Amino acid sequence: MYENLNSMQREAVFCTEGPLLILAGAGSGKTRVLTHRAVYLIEEKGVNPYHILAITFTNKAAEEMRERIDKLVGFGSESIWVSTFHAACVRILRRYIDRLGYDNHFTIYDTDDQKSLMKDVCKNLQIDTKVYKEKMFLGVISSAKDELVSPEEFTRRAVGDFVKEKQAEVYREYQAQLHKNNALDFDDLIVKTVELFRHDAEVLNNYQERFRYIMVDEYQDTNTAQFELIRLLADKYRNLCVVGDDDQSIYKFRGANIRNILNFEEIYPDAKVIKLEQNYRSTQNILNAANFVIANNVGRKPKSLWTENSEGEKINFQRLDSAFEEADYVVRDIQKKVREGKCSYGDCAILYRTNAQSRLFEERFVVSNTPYRVVGGVNFYARKEIKDLLAYLKTIDNGRDDLAVRRIINVPKRGIGAATLGRVQVYATEMDISFYNALKMADDIPSIGRAGIKIKPFVTLIQSIRSKLEYLGVSQILQEVIDETGYVKELEAENTDEAKARIENIDELISKAVAYEDSAEEPTLSGFLEEVALVADIDSLQQGNDYVVLMTLHSAKGLEFPNVYLAGMEDGLFPSYMTIISDDPMEIEEERRLCYVGITRAMTKLTLSCARQRMIRGETQYNKVSRFVKEIPGNLLGGAESGQGEARELPARSFRQAGSKVNPIFTVGNAQSKPYQKKPYQSTSFSSNATNSISLEYGNGDRVKHIKFGEGTVVQIVEGGRDFEVTVDFDRVGTKKMFASFAKLKKV
DNA sequence: GTTAGAAACAATCCT
DNA sequence: TGTTTCTAAC
């Protein structure tokens, strides 16, 4: 098993005791090393899997690692903890956070929640949000938490500085509000776990004894708080193995502290350092380009990647007249390659710097009927209808989450307005009780008068569903909420495309709840809510689907594709305007690392593209070719304008006047997708070579079984684009319409 | 208390 | 250009 590893990889696998730093270049097989290392620990060293902790960067990476270990060892892999920092912390906090004075049923606030909480905080403190933006405070607080700076510490450091004192005040109040709502934000998950370990020796010792072997992937992206967490855990047995690449550090904005990797040997003087420099992924040309680009950074650990792979094709560089044409070129190029049998759609990825760039590509994909998928952008769980329903679940689960209660108190409309809510809030504050508890006592609040009659049904609703918690599953509770509130009914009545898309989203949420019940060992409402809070869009990306994927360079980290397009290679876009005008030269270096990450995603073919002219927020910009393109020697490049990018105007291009509308197809008014709408491609059917088109194993009149609704008879099947809409008359629950891919009906 | 239309505003990247 | 907030009319 260990023979397919090279000597360096083997050394890393066999070095199990003591601190170990693995500097693993892009594509050098670090995931293989980590999985084999886990296997080696279990099989050769006789380590109980129970004693192993592996931290990955995304849930997807965690899943993959677990699967791979699973394949290599017969049994026991399920008792290894493989998870992200955040997921691991939630698991620990669910058990012990009561020791920090929180309730174990805490809720997790996402960015939206944080924003509305901050709004309240600013209102309470009478801060003019025109002068000091909520976003600024949230940014400051987040950075403080990344660095483990508590509100008290922050306050101490702020003395004498007017603005900082204000920030400290906000930080304190924000934290107090979170506590009052029994909620944690993302950063708190890490901070509170560190706090717990520092504050409670018994708990710390518990976990130190458990996690005798610790591995951390993507170590260059850990922040100070995460480092401290790991340091505490590893302090007893000191079997800490971290894997990273300083050249791929791209999360400074999230607090990633590059010193963690650069100073590892100072913190652990007895650390062993192993470098993995052989690349197995890319062609010579691609790797050379990456090496030339990254060589322009100063202050990196010296290393040189090499490969035994062939030279491969030249890197294709294209400079188009406009962003429309850029999108058009890329999509056509993909289709050409697929037609020629050079690759499949699933081999292709389009990577860009900003999410906004995806739109033009989407439009081209839609009109050309090409299967694609956008990763990132608006999170599924951030959509209004989903957040509404989740707010109901949160209220049922944790009555102390004021934010959730206030979100849904008037959804659907109950005629309770801002004035009433204000009065309830005043009462709650005076009595020092939660918003929900104040609602329960609506009758006793003199100021609200008749409005109390409107509040009562809401409280009764929540109480009645809450009383069913004991014997109903998560999906049934969700269904109960939907039925009792009439949420879906109201949408059905609207009968618009938008409403239909929302209903479809809700159906998907139900499926997710069902799936959760099936997979979790001990399904609980809290468990479901936290799983939902911690998923990233990238987690759902599956291998083997035949569609082109579009995503930001950040999301692409850790992935690889045979055919990669880096779009928007323009100064001002990539590197971004913000980093160009910044006076900190390190910011450009981070962009360059991002470029390095992008280039090294490609296995056989890499295309760089840019546009002379592009519309950004309604304004037309004329950008120069990205400086990163110019850092690649001309002999590695091919394409329309190879060599030293500065464009000579080719005569063939000037037939079209600058600024004129390029192609009427792009200007169709309603072509843009709004976040709640179905993505355009979902309503058009794919051409026949798309492999994910489904066929049904049942037909009209057949008896089928649904995981939740039980058995029933198929009444109608309507083909709706990529999916079938199936109407089933269920024996127990009556007639339901559903989409075949969500419903997972089984013929009986 | 609700709604639609107008005006203001925004600058990446993400668990 | 796209989204959020404000304002005025119902």
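From a predicted model like this one, the values you see are computed outputs, not experimental measurements. Chain naming here is simple, since letters A, B, ... match the order of the sequence lines and numbering starts at 1 in each.
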Subject >> Point-to-point distance, once rounded to the nearest 0.5 Å, from OG1 of A/T222 to CD of A/E228 >> reply: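 With rounding to 0.5 Å, OG1 (A/T222) is 12.0 Å from CD (A/E228).
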Subject >> A/E147 side, atom CD; A/N223 side, atom CG - distance, nearest 0.5 Å >> reply: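 If we round to the nearest 0.5 Å, A/E147:CD and A/N223:CG are 7.5 Å apart.
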Less than 4.0 Å between a side-chain N and a carboxylate O, is that true for [Y] and [X]?
X      : Y      : result
A/R300 : A/D247 : yes
A/K512 : A/E531 : no
A/E195 : A/K192 : yes

Subject >> 5'-most by nearest nucleotide on DNA chain B - A/Y577 or A/G417 >> reply: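 Nearer the 5' end of the strand: A/G417.
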**OP:** Select from A/G415 and A/E590 the residue whose nearest nucleotide in DNA chain B is closer to the 5' end of that strand.
**Re:**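 Counting from the 5' end, the first nearest nucleotide belongs to A/G415.
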To the nearest Å, give me how far apart [atom1] ([X]) and [atom2] ([N]) are.
X      : N      : atom1 : atom2 : answer
A/I580 : B/dT12 : CD1   : C1'   : 12 Å
A/N623 : B/dT12 : CG    : C1'   : 14 Å
A/R614 : C/dT1  : CZ    : P     : 15 Å
A/Y352 : B/dC14 : OH    : C1'   : 14 Å
A/M569 : B/dT12 : CE    : P     : 20 Å
A/K252 : B/dT12 : NZ    : P     : 17 Å
A/E591 : B/dA11 : CD    : C1'   : 13 Å
A/E619 : C/dG2  : CD    : P     : 14 Å

Subject >> C/dC6 versus B/dA11 - spacing of their C1' atoms, nearest Å >> reply: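 Comparing C1' positions in C/dC6 and B/dA11 gives a spacing of 23 Å.
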Original post:
Using the C1' atom in both, what is the distance from C/dT5 to B/dT12, to the nearest Å?
Top reply: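 So the two C1' atoms sit 24 Å from each other.
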Original post:
Pairs in or reaching into residues 113-125 of chain A: which pass salt bridge (charged side-chain N to carboxylate O under 4.0 Å, His left out), with residues at least two apart or in two chains?
Top reply: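 Every salt bridge (charged side-chain N to carboxylate O under 4.0 Å, His left out) pair that includes a residue of residues 113-125 of chain A, provided the two are not neighbours, is A/D113-A/K387, A/D113-A/K394, A/D120-A/R406.
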Which residues pass the salt bridge (Lys or Arg N to Asp or Glu O under 4.0 Å) test with [X], not counting sequence neighbours?
X      : answer
A/R94  : A/E530
A/R593 : A/E590
A/K30  : A/D217, A/E218

Base, sugar-phosphate alone, or nothing: which one does [X] contact when heavy atoms must sit under 4.0 Å apart?
X      : answer
A/T420 : sugar-phosphate
A/S555 : sugar-phosphate
A/D110 : nothing
A/K119 : sugar-phosphate
A/D187 : nothing
A/A87  : nothing
A/T354 : sugar-phosphate
A/Y251 : sugar-phosphate

Side chain of [X] - closest among [options]:
X      : options                : value
A/H554 : B/dT15, B/dA11, B/dC13 : B/dC13
A/M578 : B/dA11, B/dG1, B/dC14  : B/dA11
A/N355 : B/dT15, B/dC13, C/dT1  : B/dC13
A/R353 : B/dT15, B/dT12, C/dG2  : B/dT12

Original post:
Is the base of B/dC13 touched by the side chain of A/R254 through a donor-acceptor pair closer than 3.5 angstrom?
Top reply: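 For A/R254, whose side chain was compared with the base of B/dC13, there is no donor-acceptor pair (under 3.5 Å).
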Tabulate protein N/O versus nucleotide N/O from nucleotides 6-10 of chain B, keeping only pairs under 3.5 Å, one per line.
{"unit_1": "B/dA10", "atom_1": "OP1", "unit_2": "A/K133", "atom_2": "NZ", "d": "3.3"}
{"unit_1": "B/dA10", "atom_1": "N3", "unit_2": "A/R617", "atom_2": "NE", "d": "3.4"}

Does [N] have its OP1 or OP2 closer than 4.0 Å to a side-chain nitrogen or oxygen of [X]?
X      : N      : answer
A/N410 : B/dG1  : no
A/N223 : B/dT15 : no
A/K454 : B/dG1  : no

**OP:** Please report the shortest heavy-atom distance between A/F361 and A/A567, naming the atom on each side.
**Re:**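 Of all heavy-atom pairs spanning A/F361 and A/A567, the closest is CZ-CB, 3.6 Å.
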Original post:
Taking the six-membered ring for Trp, are A/Y207 and A/W81 parallel (under 30°), tilted (30 to 60°) or perpendicular (over 60°)?
Top reply: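 Tilted.
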Distances under 3.5 Å between protein N/O atoms and the N/O atoms of nucleotides 8-10 of chain C, please, pair by pair.
none

Original post:
Looking at the rings of A/Y251 and A/F57, which for Trp means the six-membered one, are their centres under 6.0 Å apart?
Top reply: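 Close enough - the centres of the two rings lie under 6.0 Å apart.
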